[in-house]
Amino acid sequence: MLPYAAWLSWVIPLVGSLFVPLFFRLGKKVGEWYSVAVVSVAAVFSISMIPDAWGGAAQVIRVPWLPLGGDAWVEASILIDPLSVMMASIATGVGALIILYSVGYMAHEEGLPRYYFFMLFFIGGMTGLVMAENFLQLYIFWEIVGLCSYGLISFYYRRKEATHAGIKAFVTTRVGDAAMLIGILLLFTTLGTFNYFEVGERLREALTAGNIGVGFVLLSMLLIFGGAVGKSAQFPLHVWLPDAMEGPTPVSALIHAATMVKAGVYLVARLILTVIPFEAFSPAMLAEWYATIALIGGFTAFMAATMGLVSNDIKRVIAYSTISQLALMFAALGMASEVGWFGGIFHLLSHSIFKALLFLAAGAVIHAVHTNNLDEMGGLRRYMPITFWTSLIGVLALSGVPPLSGFWSKDILIESALEAGNIPVYLLMVGASILTFIYSLRWLYKVFLAPPSPHIAEHGAHEAPKVMTIPLIILAGLTLVVGFFEPLLGDYTGIHVAGPSMLTYLSSAAILLVGGGVGYLFYIGGMVRPEQVRATPIGGALHKLLVNRYYIDDIYYKVFVDGFDRLSSILLRFVELRVIDGFNYAISKATAAAVQVFRNIQTGESNINLSGFIIGIAILLLLFISLILG
């Protein structure tokens with residue numbers, strides 16, 4: 001690796017972000033290309049670590065950081081292994097392409113120093129998160145990532161929807177983060193260390209000695225998993241991610257492809273690989289933990305895919321897809337096997353590439369037609385050929401069409417469920433994959449293949465500038481080839497899995513036939529119109545349910561927003577009437593009583609008052625004379 005690459009890969013974007021305003025003072029172009037250069041240099045340092053992690057090699061670098069008293073220290077520690085280096089390369093490599101794309105997409109926006117500051121800080125925070133080798137560092141970077149997401153989702157702060165979405169993301173993810181912090185502190189207070197490897201070793205020793213039970217391990221792991229549920233937008237904390245589309249499109253691409261939402265999947269994969277590895281903590285010992293991950297993943301994958309069927313926002317469809325695809329990764333990790341772990345990580349890699357591609361393609365469309373509404377698009381294939389062909393590659397990869405990357409990684413996910421014999425989760429994964437193909441074809445048709453809408457007919461469209469299409473072409477090229485690198489990824493991680501079984505291939509064929517067939521009937525071929533289904537009582541009710549996102553958001557608002565407002569109102573009335581007003585009334589009554597006492601010695605008659613005055617003077621004189629005579 002390059003010298004100090006393990007540190008500089010995340011220090012460069014973190015520190016470099018602080019100088020963004022200074023470079024923008026030298027000129028807009030200077031600031032933009034400075035930002036591109038900073039992340040590109042960080043990407044070079046990240047990628048340079050790949051040879052050092054090859055074959056599953058791992059090394060830890062530790063330096064004293066925070067004194068605990070005596071000779072005890074909390075150490076700043078960096079972990080160089082296949083998982084951390086792969087994640088750092090994704091964060092900085094894909095991040096660099098997104099920053100380059102931003103030069104074109106954000107060219108006419110205000111507040112660019114603020115935008116690029118948060119983008120660089122975001123990438124640095126995510127890279128620091130995955131390179132950390134202890135829970136304390138992890139949590140600090142975890143919160144940096146959350147702060148940056150808030151700032152970027154709320155970038156258009158003059159729009160109420162954007163500020164609301166930023167607050168919603170920040171508050172929702174804090175729920176999971178609170179659980180995660182409790183889990184980390186529980187481990188530290190019991191084991192006396194934050195370091196991953198030491199936590200794993202001391203957990204084993206404490207279990208062997210009988211100092212703790214399996215229940216303690218389950219509880220701490222479930223609490224930490226809560227943080228993953230929030231960051232990766234899994235049920236029931238999934239509600240923030242669709243609204244996060246209010247931010248600029250490059251922000252959406254960065255969140256979905258390279259940074260924030262991948263943190264939860266990384267965390268679970270890291271726990272399995274380093275803290276509670278299979279050889280030390282058997283899957284049977286932690287069966288409830290794995291089952292929780294698998295069930296939440298399977299359910300979220302299917303639920304999010306259903307909502308993607310009805311959304312008319314070009315970015316929200318892809319956002320629901322992200323929730324669903326992340327859930328598939330969780331479901332595979334929950335299978336408690338090397339196949340599931342490898343499949344989850346492989347799909348994370350391929351998803352990072354084709355999801356960045358799809359978001360940046362959506363941004364190119366929005367940049368050209370100035371609307372997010374799918375119903376106001378159509379016919380863009382003729383106007384935007386580069387965006388169309390790259391989008392087609394992204395859609396086919398997302399849908400799992402061979403030989404694109406999504407096909408190879410999705411098959412391993414399905415294989416992991418079949419190998420584990422988890423039929424309910426297997427069915428949810430297959431169902432989610434079928435729906436993915438349907439809504440992906442719907443998205444492609446409405447944007448590029450449908451007859452042009454009146455909006456397009458009136459305003460026309462144009463291809464995006466080269467600074468935006470070049471990242472699209474690079475990502476499309478990677479999407480075409482990365483699936484063939486599965487054996488190479490096995491060599492890199494040191495984990496080789498057998499090829500998918502015949503049942504997995506049959507499952508994939510069924511997904512493509514059913515999903516592709518339904519998508520063709522409803523959209524490409526136009527043989528059945530969606531309006532006909534919505535006109536039926538069942539279809540109409542189902543459509544309303546999905547459009548309203550299963551009313552989960554409404555329930556949350558009723559309970560946590562409106563309910564909190566009502567509770568606050570009751571508490572405020574109590575404080576105002578009983579505490580503040582009661583205190584005021586008590587003071588007034590005490591004052592009145594005191595006045596009543598003094599009123600008895602104040603007659604209002606001058607003779608009596610003058611007599612009292614003279615008596616007082618006489619007393620003072622007597623005291624003065626007595627003091628002199630001593």
[atom1] ([X]) with more than 12 external heavy atoms under 6.0 Å:
X	atom1	value
Ile538	CD1	no
Arg529	CZ	no
Lys544	NZ	no
Arg159	CZ	yes

Short side-chain to backbone donor-acceptor contact, [X] and [Y], under 3.5 Å:
X	Y	answer
Trp240	Ala165	no
Glu463	Ile386	yes
Thr259	Leu254	yes
Tyr150	Ala169	no
Glu415	Leu413	no
Tyr101	Ala364	yes
Ser405	Gly483	no

Only one of Phe359, Phe354, Tyr320 passes ring pair (Phe, Tyr, Trp, His ring centres under 6.0 Å) with His256; say which it is. Phe359
Between [X] and [Y], which heavy-atom pair has the shortest distance, and what is it?
X	Y	answer
Met429	Ala417	SD-CB, 3.9 Å
Ala361	Thr387	O-CG2, 3.7 Å
Tyr115	Leu152	O-CD2, 3.9 Å
Ile123	Ala91	CG2-O, 3.7 Å
Gly515	Leu441	O-CD1, 4.3 Å

Just checking, any donor-acceptor pair under 3.5 angstrom between side chains of [X] and [Y]?
X	Y	answer
Thr436	Ser399	no
Asp411	Thr504	no
Ser154	Thr163	no

According to ring-ring contact (aromatic ring centres under 6.0 Å, His included), does anything in residues 429-448 pair up with another residue at least two apart or in another chain? List the pairs.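 Residue pairs passing ring-ring contact (aromatic ring centres under 6.0 Å, His included), neighbours aside: Phe388-Phe448.
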Going by atom type alone, with no hydrogens or angles, which donor-acceptor pairs under 3.5 Å involve a side-chain atom of residues 294-318 and a protein atom two or more places apart or on another chain?
{"residue": "Thr300", "atom": "OG1", "partner": "Phe235", "partner atom": "N", "Å": "3.2"}
{"residue": "Thr300", "atom": "OG1", "partner": "Ile296", "partner atom": "O", "Å": "2.6"}
{"residue": "Thr306", "atom": "OG1", "partner": "Met303", "partner atom": "O", "Å": "2.5"}
{"residue": "Thr306", "atom": "OG1", "partner": "Tyr550", "partner atom": "OH", "Å": "2.7"}
{"residue": "Ser311", "atom": "OG", "partner": "Asp313", "partner atom": "N", "Å": "3.4"}
{"residue": "Asn312", "atom": "OD1", "partner": "Arg442", "partner atom": "NH2", "Å": "2.8"}
{"residue": "Asn312", "atom": "ND2", "partner": "Asp375", "partner atom": "OD2", "Å": "3.2"}
{"residue": "Asp313", "atom": "OD1", "partner": "Lys315", "partner atom": "N", "Å": "2.8"}
{"residue": "Asp313", "atom": "OD1", "partner": "Arg316", "partner atom": "N", "Å": "3.1"}
{"residue": "Lys315", "atom": "NZ", "partner": "Met245", "partner atom": "O", "Å": "2.9"}
{"residue": "Lys315", "atom": "NZ", "partner": "Gly247", "partner atom": "O", "Å": "2.9"}
{"residue": "Lys315", "atom": "NZ", "partner": "Thr249", "partner atom": "OG1", "Å": "3.4"}
{"residue": "Lys315", "atom": "NZ", "partner": "Ser252", "partner atom": "OG", "Å": "3.4"}
{"residue": "Arg316", "atom": "NH1", "partner": "Asp243", "partner atom": "OD1", "Å": "3.1"}
{"residue": "Arg316", "atom": "NH2", "partner": "Asp243", "partner atom": "OD1", "Å": "3.3"}

Parallel, tilted or perpendicular: rings of His164 and Tyr557 (30°, 60°): parallel
Do the ring planes of Phe117 and Phe121 sit parallel (below 30°), tilted (30 to 60°) or perpendicular (above 60°)?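 The arrangement is parallel - the two ring planes meet at less than 30°.
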Looking at Arg158 and Glu110, does any basic side-chain N land under 4.0 Å from a carboxylate oxygen?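 Answer for the salt bridge query: yes.
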